[in-house]
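Lettering follows sequence order; numbering is per chain, from 1.
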Amino acid sequence: MVPIIVIQNLSFTYPDGKPALRDINLQVQPGEKIGIVGPNGAGKSTLMYHLNGVFTGQGKLFISGLELIKNNFPHIRSLVGLVFQNPDDQLFSPTVFEDVAYGPYYQGLEQSIVKDRVQQALKAVQMSDFIDRNPYHLSTGEKKRVAIATVLSMQPEILVFDEPTAGLDPRARRELIELLFELPQTMLIATHDLALIKQLAPRTVLLSKGRIVADGPTNAIFGNETLLKENGLI
Amino acid sequence: MHPGVKLVFTLVFIIFLNLTPAQAWPAYIFFYTFLLALVLVSRIQLSILFQRTLLATPFILAAIPLIFSANPPYYSISLLPDVEIYLSLEGLQKFVSIAIKFFISIQAAILLTATTRFPDLLFAMERLKVPKLMVAIIGLAWRFLFVIRDVVLRMIRARTSRSSSLSSSSHSGGSLWWRARVTGVMAGSLFLRSIECSDRIYAAMLSRGYVGVPLPSFSKTISINRNEFLGLGFGIFLIVMIWIFGLFTGG
Amino acid sequence: MSHLPFLSSKLMHIPDGFLSVLVSAIFWMISIMVLIKALRETNRLLSERQVPLMGVLAAAIFAGQMLNFTVIGGTSGHLLGAALATILLGPWPAVLIMTSVVSIQALLFQDGGILALGANIFNMAMIGVFVSQAIYTYVTSLLKKKSWVFFVSGFVAAWASIFIASLSCALQLSLSGTSPANVVVPAMAAIHALIGIGEGLITAGALVFIFAARKDLLHNDLSKTGDHKGIIIGGSLIAIVLAVLSPIASSHPDGLEWVAEQSGFLGIAQDAFYEIIPDYTMPGINDPALATIVAGIIGVVIVFVVAYGVARNEKHSKRNQISHG
């Protein structure tokens, strides 16, 4: 099968000289669900931001066979949906409808198609009744769902989550995991929530100090207690 | 060194530099030499100095029309057989004088910023009788500027990552009005989040014993010692001497 | 130390070297007087709870100036925020907030000079706020009871605040003999008439969101406390005087000098260190009207080049600090 994400020798250094990613190599098959784990500052979010060109480092990245270069950014952003840790960063419209419509509208789709997309996306996250609400007044769990809808409406092939369960109460967390389980897209999930990965992702990538220190079946990695301890995960 | 000394010195330096008449070239050289000496003593990186100067340079263009519009004598330069541009020598000299004053003034300000922590600067402002409420607001604004900047950056990133097109060549972006509106709505959202953030800050301040007086000094109280006082006096004396020299050499 | 990008607002942040010491001193004095009044009023009207609020909102306005939208090519529209602060908090606190923003920009980022800070505070934190308050009050009372009144009056107030402040900035430059009145006034006016539209749209958009999420803030007691009659009259006067003065100054070859002689008070200062107001003519063109037009066009071109340069710089610094994240 042709991998949907190919990362070759990706390195990234912050302008202040602090290296964030070193020589990352990764291939992801279509439909895979992958957990990205690692201690704070391991480079998880930095790696996420590279997947649709919000950050650019040295090395090569291919999404669906398209090389991630400046001219392809707008197109690749329609293929990769990034869901941010804090939904408040992602929701900034007066109504849920407008927030979910942002992506398709920006793409220049027709009004009627935009409407359909919004309805589909909200249905997928079970938030259809909230279409005219103000996102500002929603609960964290509801905001999270709307934030996911805002990228689903672009019909991306890849979904990237940064700490999807952060700040959720147990029930909202369980419902979110059920939702993620049902979504068919290729998924990368960066999180400290190891239980989430165990439930959701058959494959795990362990990052530490900007390097991939382990990449394999979730069961194998989670069974290796020394590895987890060394990397501050337990 | 006491931040108040640095602040006062910088103010005096910039005031007298700007009081120096146009075309006082030798005086400008003395001013700049003096400043460069201080820059070398302070060991700040020259690259920072010039990078920051460069960032502000576009404003110089505002003074360019002087070259073409001040008093005679004019010098003509022919561009094409029938097109001549008239330059005024006086205008050119004025322009260069403004550019030099700008260049030296901004570097004096950069020297101050690069060698003084902002809380110290606030402390100096307090000592120079800037009202406490004003200092408190500026201090809080500075304290939360970087926190809120990060919020804004994340919002912009989230917007960027959803600003896509269907293929590499297709047109996207929506209408100008819509983009402006989205930006405005983001600003509104940022404001509300900031207001909530300020409520939490207020609660945190109360829990640490804040009783409504403007915030305490941001830096430990230090007084100016005798050497610093003499140094400041000598520095100002030098500046005034250069200025008087400039009065005689200026145009 | 990281970089915060400074936007089209840079055109209104006068650096040191561009204002004569006399002009700087005059505007320092005016600004200090207004500030004392603003501090007194704010102390009287607000509880200590508002201190963190004002500090955080000042930071939000500063950082919010990074929010931009693409206009065309490399140019973009931004928020300056004087009108928004005025509408949300009322004029006196807005003066303090904008003063903090402009001061930090000068002291920490060299965006605007230290000697010129008085004039910059006057333009952005005082004219901006007072004109906003006056226009907002007028338009709101004209259109009362309509649900969209906030957005229209917000738009108009924001546009006017930018436009009038830019006239003041241009006149300060020409008073200092830094830039000929017949170039700098039309140029600044033209470019800020455009920038003002961006400011107006962003301000209106922000009000849309706040109206949807926290309607109470737009009817809050904060902006209603106190009698703003003085500010409204003052703001209107400033707007009218500047709007009348600017065309005279820029159409008359010796416009400002003429105005100054008529009013007398600036004439006294003319014997100071060097003449404040030199005679400007466009050499090579005899017809004064044509000269004005040509000068105006040159000015607009220059300002566009400046705006482009700033946009480029800003893009660069934004890239730096985005990757800084």
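- Looking at Ile14(B), the atoms closer than 4.5 Å to chain C (heavy atoms on both sides) sit in the backbone and in the side chain alike.
- Ring geometry, Phe103(B) versus Phe50(B): the interplanar angle falls from 30° to 60°, so the pair is classed tilted.
- Of the atoms belonging to Arg154(B), not a single heavy atom falls under 4.5 Å from chain C.
- Neither the backbone nor the side chain of Thr203(C) comes within contact range of chain B; no heavy atoms are under 4.5 Å apart.
- With a 4.5 angstrom heavy-atom cutoff, Ile114(C) touches chain B only via side-chain atoms.
- A perpendicular orientation is assigned to the rings of Phe62(C) and Phe109(C), their planes being inclined by more than 60° (bins at 30° and 60°).
- Heavy atoms of Phe118(B) lying under 4.5 Å from chain C belong exclusively to its side chain.
- Contact annotation for Ile60(B): both backbone and side-chain heavy atoms come within less than 4.5 Å of a heavy atom of chain C.
- Within the 4.5 angstrom heavy-atom criterion, atoms from both the backbone and the side chain of Leu96(C) approach chain B.
- For Leu192(B), the part lying near chain C is the side chain, with the backbone staying farther off; criterion is any non-hydrogen pair under 4.5 Å.
- In this pair, Phe211(C) and Phe150(C) present their aromatic rings tilted. The plane angle is within the 30 to 60° band.
- A heavy-atom distance below 4.5 Å is found between the side chains of Ser100(C) and Ile137(B).
- The residue among Ala108(B), Ala187(B), Ser189(B) with the most heavy atom pairs within less than 4.5 Å of chain C is Ser189(B).
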